[in-house]
Amino acid sequence: MAELNQVSAADFELLPNDRKRNNETIEKPSLSFAQDAWRRLKKNKGAFISLWVIVVIVAAAFISIPYANTTTTAEQNVMQQNLPPKAPGNLPGFNGKQKVDGERFDAYKRADVKKGEYHIFGTDQFGRDIFKRVLYGTRVSLQVALIAALMDLVFGVTYGMISGWKGGRVDMVMQRIVEIISSVPNLVVFVLLILIMKPGLFSIALGIALTSWTSMSRLIRAEVLSLKEQDFISAAKTLGTSPWKIGLRHLVPNVSSTIIVQLMFTIPSAIFFEALLSFIGIGIPVPMASLGTLLNDGQTAFQFYPYQLVFPALILSALMIAFNLLADGLRDAFDPRTRD
Amino acid sequence: MTEKILEVNDLKINFNTDSGTVQAIRDVYFDLKPGETLALVGESGSGKSVTTRALMGLLAKNARIERGSVQFKGKELIDLPEDEYRDIRGSEIAMIFQDPMTSLDPTMKIGQQIAEPLIKHQKMGKKEAWDKALDMMNLVGIPNAEAHINDYPHQFSGGMRQRIVIAIALIDNPEVLIADEPTTALDVTIQAQILDLMKKIQKEFGTSIIFITHDLGVVAGMADRVAVMYAGQIVEIGTIDEIYGFPQHPYTWGLLNSMPTTQTDRGSLEAIPGTPPDLLNPPVGDAFAARNQYALAIDEKQQPPYFQLSPTHFAATWLLDEQAPEVVPPLTVRQRWAKYQQAHPDASNKHAKPVEASAILAR
Amino acid sequence: MSGMFKYILKRIGIIFLTLIIVISATFFLMKLMPGSPLANAARLSGEQRQLIESQYGLNDPLMVQYWHYLVNALQFNFGHSFQFQDQPVSRLIAQRIGPSIQLGLQALVFGVISGIGLGAAAAVRRNTKTDTTLSILAVLGVSIPSFVFAALAQYFVGLKLGWLPIAGWEGFKFTILPTIALGMAPLATAARFIRTEMVDVMGSDYIELARAKGLSQNEIVWKHTLRNSLIPLVTLIGPMAVNLMTGSVVIEKIFAIPGIGGQFVSSILTNDYPVIMGTTIVYSMMLMVVLLVTDILYGLIDPRIRLAN
């Protein structure tokens, strides 16, 4: 107790009782919900890289409209069939060399391609540039996915909100309907729809949305059911706020994170489903192309020209992985339980 | 002096978190004798639960024991190899958890859950272990136990489930029982039943109990001694009579003052203002100073030592220093003092001497 | 047990209702189709056309046609294929359903069992390299479309390495690649689910209590964690079955498997409506049976539900 000796009598004065007891304040800087989620998303390396991968792919797909569109991707050149990938510089795998029957030769020289002309992903059996087709196909796939996600959003959210908010009989009937729809395989729903509608961007997106909105509506319904019991909603109801206003001002903001996360899961599954349909030949009709049709084309020539399958497959997989990782990351970022 | 069963000496535990090191337990000393009940009282976050998790060797992965020792029957528990610890856990030191609704495995028959420690520690056969489990169910007061041994937890009420949790804890006849707020999640009437059961069991088995609670009211009929914890430290420790009748630390005053009793005047129930300090950066001096209406200037500069009032009573507050001004505690506390001093004419807080913290263990 | 029985009856009722809705939807959608199924057969004379139309009942009032269709469909009688004139649709499906069911079940069993193993391994070693590696593999498994995986596996394992047959359906060896390709998605889904679920369970109070009992890590995992994590996995089997059906359509195409998936695709491409309708209804029935079975299974293994009735 040596330090005791150093204290003076003045130290034993009572402190004034009205001194500031300031520890009621919250120490951490207050962040809005979105800022907080963003901060946590940035910490998640996989999700953050995925976000950039998506931004780059989406930007490339949409900026390239003048370069890769229905006209330019349809340009056929019988002289330049099945050229292997070639890029400036002499990179292995991108040097335009090809091996057929054990003989290795420069396919570009043999096809009399002008010097300085490159097809970095090669060409297909009609001599069409695969790079352009991949850009175009990615755009179409993304468009289908985005339209599907949008329809999913509007329909699924509205349905879930009404079902959860109304409760009782309405809810029961609406949930029975969801139950019946979700016990029909989605391929079946899709095929039936595609039979009566002309296949195209919109009808495919509609088919995908028709099969995916149920999970969105279920999630929203569950959230609304629990939100409805909370005091701030009761307060709004007691004050006579109209249901529409409550829905828009109180419910939507509170379910927005669920909506965003679910949308992020809808997009890759829509991309996947579109690719699958196009792959089996009932998706995007020619002359349009999507990643799925490119994969289908590539698969037929895969034995001899593997690059024709590999590039669309890589882009498709990269998109799927990035969207799934981002969705996972967003879900964790929005989940208060994982907050530090 | 009887043999001590448990002695916690200068325990300091930190947690590594993303925002920094949280000093959860700071220099804690206490001990436990056979058959004794010690209550650890404090707000949430005061370090009660961390202390007991440390005794069980069940600290979270990011916890680091900085220093100190925990001796169980003379055996050092800190840094004990996991497999040796497992032999003690559940057999010699057992634990009752706070929420009986979540602390039973929902998919396992309760007979199996009660018998599990026997099968594990005493290498008992299933049949014999289940017979014992049945006896224990009867002992903890589960009506018609035989018919319910094959039931699952969801078939029982909260109170019954807590009896089952107690049965699990007692099945191996442990020497120390740690009860972590065992009645907090229960209805008041059920609370009383569970407390009675624990007292009955203690009488029967001579178990030592560490009873954790934030509710001084629950402690009254239960404990022999009370340690009041605040911000990871024990601020006052003494026998039940000393803490209730002659409390010295302003935080203890606050706790007693916010507890309704039959003598409470209408409207005189007072809450302690403010919230506990952030243990990421514990304040210099007395951690309670910011919320203390009796704070002295020195409280903001230097941590008070323990002042000893009796062989068993210690309080860490500068108010007991000989240079400190005389303060007038809240009315209810003054009433307690008056009553206590009638029964114990020698009781006085004028001559308390500052002592080393380890003096707590030297009783 | 009578509660359970009543519940199953109710579920079968809902299945029946759903089936009627699916059959009705297929019927009316077909009727909405522009032109008659015979529109393309321009070579037919008027007489022939009438004969065929009356043979198929195409001249009856719509509701009569609908009633006949409904009654027949519920008896698995879907009429004759347009493509293969002499073949009843039900026989076409019956001939080809075996490989599809075998492939689907093999993929489900393979995927779920390996998924549980990998998910449990990741959960027990969470926040270690094993966990990270398994998590990355699971994301790849969920993300990479089965047909991309199938095409790559076919090329490398089948063609380049020659370990397994490239295509066809002539014995167990032929089923390995398609099973793995199709089982990737359920594997990854199950692994992710089990990992999350186990990490959740490991943080629960009853696992803390199990630790306080002095049980070892292994005992806790086997006796408490795994069992509690596996029960909710059953609810995932329904959605998995949906994806398996969708996936099998492509996998059957890639590996030239004589299943109903391949037949379904070709019937869509050739507008063979009776086959499309028949396959649609059979697919729906299979899914509903799976959903019913998993529901009953869930009730049987979860004491909380089992004893609720």
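A note on names: the letters A, B, ... follow the listed sequences, proteins ahead of strands, and every chain is numbered from 1. Just so it is clear, the values below take in all heavy atoms, side chains as well, and ignore hydrogens, waters and symmetry mates. Only a predicted model underlies this, so the values are computations on that prediction, with no experimental measurement involved.
A/Y307 is linked by a ring pair (Phe, Tyr, Trp, His ring centres under 6.0 Å) to nothing, counting only residues two or more places apart in sequence or in another chain. Checked against salt bridge (charged side-chain N to carboxylate O under 4.0 Å, His left out), C/R192 has the following partners two or more places apart in sequence or in another chain: A/D328.
Neither the backbone nor the side chain of A/S215 comes within contact range of chain C, judged by heavy atoms closer than 4.5 Å. Using a 4.5 Å cut-off between heavy atoms, C/L19 makes no contact with chain A at all. Both the backbone and the side chain of C/V250 come within less than 4.5 Å of a heavy atom of chain A. Only the side chain of A/L316 has a heavy atom closer than 4.5 Å to any heavy atom of chain C. Of the atoms belonging to A/V184, heavy atoms from both backbone and side chain fall under 4.5 Å from chain C. Interface residue C/L17: only side-chain heavy atoms are found under 4.5 Å from chain A. Contact of A/L309 with chain C is made through the side chain alone, with heavy-atom distances under 4.5 Å. Only the side chain of A/F273 has a heavy atom closer than 4.5 Å to any heavy atom of chain C. With a threshold of 4.5 angstrom between heavy atoms, A/A275 approaches chain C through its backbone and through its side chain. Interface residue A/P185: backbone and side-chain heavy atoms are both found under 4.5 Å from chain C.
Chosen from A/L276, A/L295, A/N186, the residue pairing most often with chain C at heavy-atom distances under 4.5 Å is A/L276.
Contacts between residues 173-180 of chain A and chain C, defined by a heavy-atom separation under 4.5 Å, are made by A/R176, A/E179, A/I180. Applying a 4.5 Å heavy-atom cutoff, none of the residues of residues 44-53 of chain A approach chain C.
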- Mind running side-chain contact (heavy atoms from CB on, under 4.5 Å) on C/V148 and A/M320 for me, showing each step along the way? CA-CA 12 Å; C/V148 171; A/M320 297 278 300; over 6 Å; no
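Within the 4.5 Å cutoff, the side chain of C/F264 has heavy atoms near those of the A/L187 side chain. Contact annotation: the side chain of A/S317 approaches that of C/P145 to within less than 4.5 Å [non-hydrogen atoms, C-beta and beyond].
Taking CD1 of A/I321 as the start and CG of C/L140 as the end, the distance is 4.5 Å to the nearest 0.5 Å. Note that CD1 of C/I251 and CD1 of A/I280 are 11.5 Å apart. Values are rounded to the nearest 0.5 Å.
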